[in-house]
2 protein chains.
Amino acid sequence: MQSEDRDAVDLDETDLAILERVERDSDVNLEELSDTLDLSRSAIHYRLKKLKNSGVITSTSADVDPLALGLSLLIITEVSVAHESGYAEDIGEALAGIDGVYQVYYTLGDTDFIVHSRVQNRAQMNELIDKIVGIDGVNETSSTFVMQEIKTGDRTVANMSETMIDDVLDDS
Amino acid sequence: MQSEDRDAVDLDETDLAILERVERDSDVNLEELSDTLDLSRSAIHYRLKKLKNSGVITSTSADVDPLALGLSLLIITEVSVAHESGYAEDIGEALAGIDGVYQVYYTLGDTDFIVHSRVQNRAQMNELIDKIVGIDGVNETSSTFVMQEIKTGDRTVANMSETMIDDVLDDS
DNA sequence: AATGAAATCGACCAGCA
DNA sequence: TGCTGGTCGATTTCATT
């Protein structure tokens with residue numbers, strides 16, 4: 001009754017140690033992991049495979065620097081829709097489909113969607129905002145310009161507190 | 001004069017095709033890439049190495065599902081600071097250091113920082129917000145709750161338009 | 001679930017266009 | 001400089017405990 005096993009595959013300290021390491025660098029030498037965790041290479045591989053199959057590791061991706069591709073402008077846009085009823089899903093999908101948009105959240109509060117986009121110049125920025133405003137049902141938008149990305153890169157385990165870690169481990 | 005070569009390593013269509021593929025799955029078989037791009041395994045490897053060394057590929061990471069670790073609550077917080085002068089950098093670092101926080105942006109506009117955090121329950125959420133408010137110099141905060149993550153996962157190339165791609169290619 | 005041996009895949013070296 | 005082919009080493013897989 002106190003276990004909320006949604007996707008909760010029960011993990012131990014070893015699993016978390018592996019996760020923390022591979023989310024930092026998935027090309028890690030199995031020998032290094034085997035070394036620090038006192039486990040055979042095959043055991044590490046076995047656990048990694050299980051973590052992937054169970055969906056704990058959703059994918060393993062190469063992170064491409066946006067600046068290297070000229071995407072130097074990051075814009076965060078708050079989007080409000082006219083009618084709260086029904087269309088929300090469709091509008092979310094429409095926002096997600098716009099070129100340059102790479103994060104879309106449906107939020108509870110004064111604004112309905114929060115959208116993160118990257119573009120190369122002002123012209124593309126204007127075009128992007130026009131596309132957002134042009135979506136049927138979108139009422140009002142407010143865009144802010146990001147001066148500096150202080151923390152980025154979606155690490156999950158690395159940002160967890162001791163309390164959060166314990167919560168995962170106490171799921172036996 | 002029209003080339004703004006900041007980090008701009010000039011890339012061709014083949015490089016972009018490789019990037020688009022490895023940012024989706026970095027464990028791609030070299031044979032598959034070699035097959036679809038009509039290039040030898042070694043050539044693909046050569047280009048990948050170059051892309052990593054030049055910083056276009058910053059890292060290669062395993063993506064861990066936050067839900068699998070019980071992090072079901074995503075909160076987006078707008079933070080305003082008291083004095084615009086000086087302390088901004090320090091406050092940004094302080095925000096980035098809080099457990100649960102995984103994205104921090106310094107923005108231009110009515111609000112100074114935008115912070116994304118993940119927690120497991122209300123208690124952790126309250127604790128997190130208390131820590132943010134407790135930072136010296138933080139004036140006002142406004143948190144909104146994310147109901148649904150419609151688009152996520154920091155793909156760079158996948159979200160680019162044809163125009164953006166062309167801009168990268170016309171950098172010879 | 002973890003171990004060790006066999007097949008497979010990726011990393012490096014030298015030569016070539 | 002960028003690509004080819006072959007080789008060595010590491011990794012993935014399988015059968016066994």
Side-chain angles (χ1 to χ4, degrees), chain A residues 3 5 7-65 68-69 157 165 168-172, chain B residues 3 5-64 68-69 157 165 168-172:
Chain A
S3 64
D5 302 328
D7 308 75
V9 192
D10 46 298
L11 309 168
D12 59 11
E13 310 87 340
T14 308
D15 290 318
L16 286 176
I18 293 173
L19 288 174
E20 193 274 335
R21 191 67 190 87
V22 295
E23 83 170 353
R24 199 157 16 114
D25 179 16
S26 61
D27 289 335
V28 151
N29 215 327
L30 287 196
E31 196 172 332
E32 183 192 317
L33 279 168
S34 160
D35 219 35
T36 55
L37 298 176
D38 286 320
L39 222 61
S40 75
R41 278 169 281 262
S42 301
I44 304 282
H45 179 69
Y46 181 78
R47 282 171 179 261
L48 267 172
K49 190 179 173 184
K50 190 180 171 186
L51 289 168
K52 286 176 187 169
N53 289 339
S54 63
V56 178
I57 294 176
T58 55
S59 63
T60 155
S61 54
D63 304 317
V64 179
D65 181 19
L69 276 63
V157 183
I165 299 281
V168 173
L169 296 177
D170 295 347
D171 234 356
S172 56
Chain B
S3 63
D5 301 327
R6 273 193 30 81
D7 307 75
V9 193
D10 46 298
L11 308 167
D12 59 10
E13 310 88 340
T14 308
D15 289 318
L16 287 175
I18 293 174
L19 288 174
E20 193 274 335
R21 191 66 190 84
V22 294
E23 83 169 354
R24 199 159 15 117
D25 179 15
S26 61
D27 289 335
V28 148
N29 218 323
L30 287 197
E31 196 172 330
E32 184 192 318
L33 277 169
S34 160
D35 220 35
T36 54
L37 298 177
D38 286 320
L39 223 60
S40 75
R41 278 166 282 262
S42 304
I44 303 283
H45 179 69
Y46 180 79
R47 282 172 179 260
L48 267 173
K49 191 179 174 184
K50 191 180 171 185
L51 288 169
K52 286 176 188 169
N53 289 338
S54 62
V56 178
I57 295 176
T58 54
S59 62
T60 153
S61 54
D63 305 316
V64 179
L69 275 65
V157 183
I165 298 282
V168 174
L169 296 177
D170 295 346
D171 236 355
S172 55

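Letters A, B, ... are given to chains in the order of the sequence lines, protein chains preceding strands, and every chain is numbered from 1.
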Between [X] ([atom1]) and [N] ([atom2]), how many Å, whole number?
| X | N | atom1 | atom2 | answer |
| --- | --- | --- | --- | --- |
| A:Lys49 | C:dA2 | NZ | P | 14 Å |
| A:His45 | C:dT8 | NE2 | P | 15 Å |
| B:Leu30 | C:dC12 | CG | P | 12 Å |
| B:Asn53 | C:dA11 | CG | C1' | 13 Å |
| A:Leu39 | C:dG4 | CG | C1' | 14 Å |
| A:Arg47 | C:dA1 | CZ | P | 9 Å |
| A:Leu48 | C:dA1 | CG | P | 15 Å |
| B:Arg41 | C:dC9 | CZ | C1' | 10 Å |

Crowding at CZ, B:Arg41 (>12 non-hydrogen neighbours, <6.0 Å): no
Is B:Asp63 close to A:Glu23 at the side-chain level, that is, under 4.5 Å between some pair of heavy atoms? no
Taking C-beta and beyond as the side chain, do B:Asn29 and B:Asp35 meet within less than 4.5 Å on heavy atoms? no
Does a side-chain N or O from A:Lys50 land closer than 4.0 Å to OP1 or OP2 of C:dA1, or not? yes
Rounded distance [0.5 Å steps], NZ in B:Lys52 versus NZ in B:Lys50: 15.0 Å
Nearest 0.5 Å, what's the CZ-OG distance between A:Arg47 and A:Ser42? 13.0 Å
Given DNA chain C, 5'-ward residue of the pair A:Tyr46 and A:Ser42, judged by closest heavy atom: A:Tyr46
Is it the case that the side chain of A:Thr36 and the backbone of A:Leu33 share a donor-acceptor pair, with hydrogens and angles ignored and the cut-off at 3.5 Å? yes
Hey, where on DNA chain D does chain A first and last touch, going 5' to 3'? Cut-off is any atom under 4.0 Å from a heavy atom. D:dA10 to D:dT13
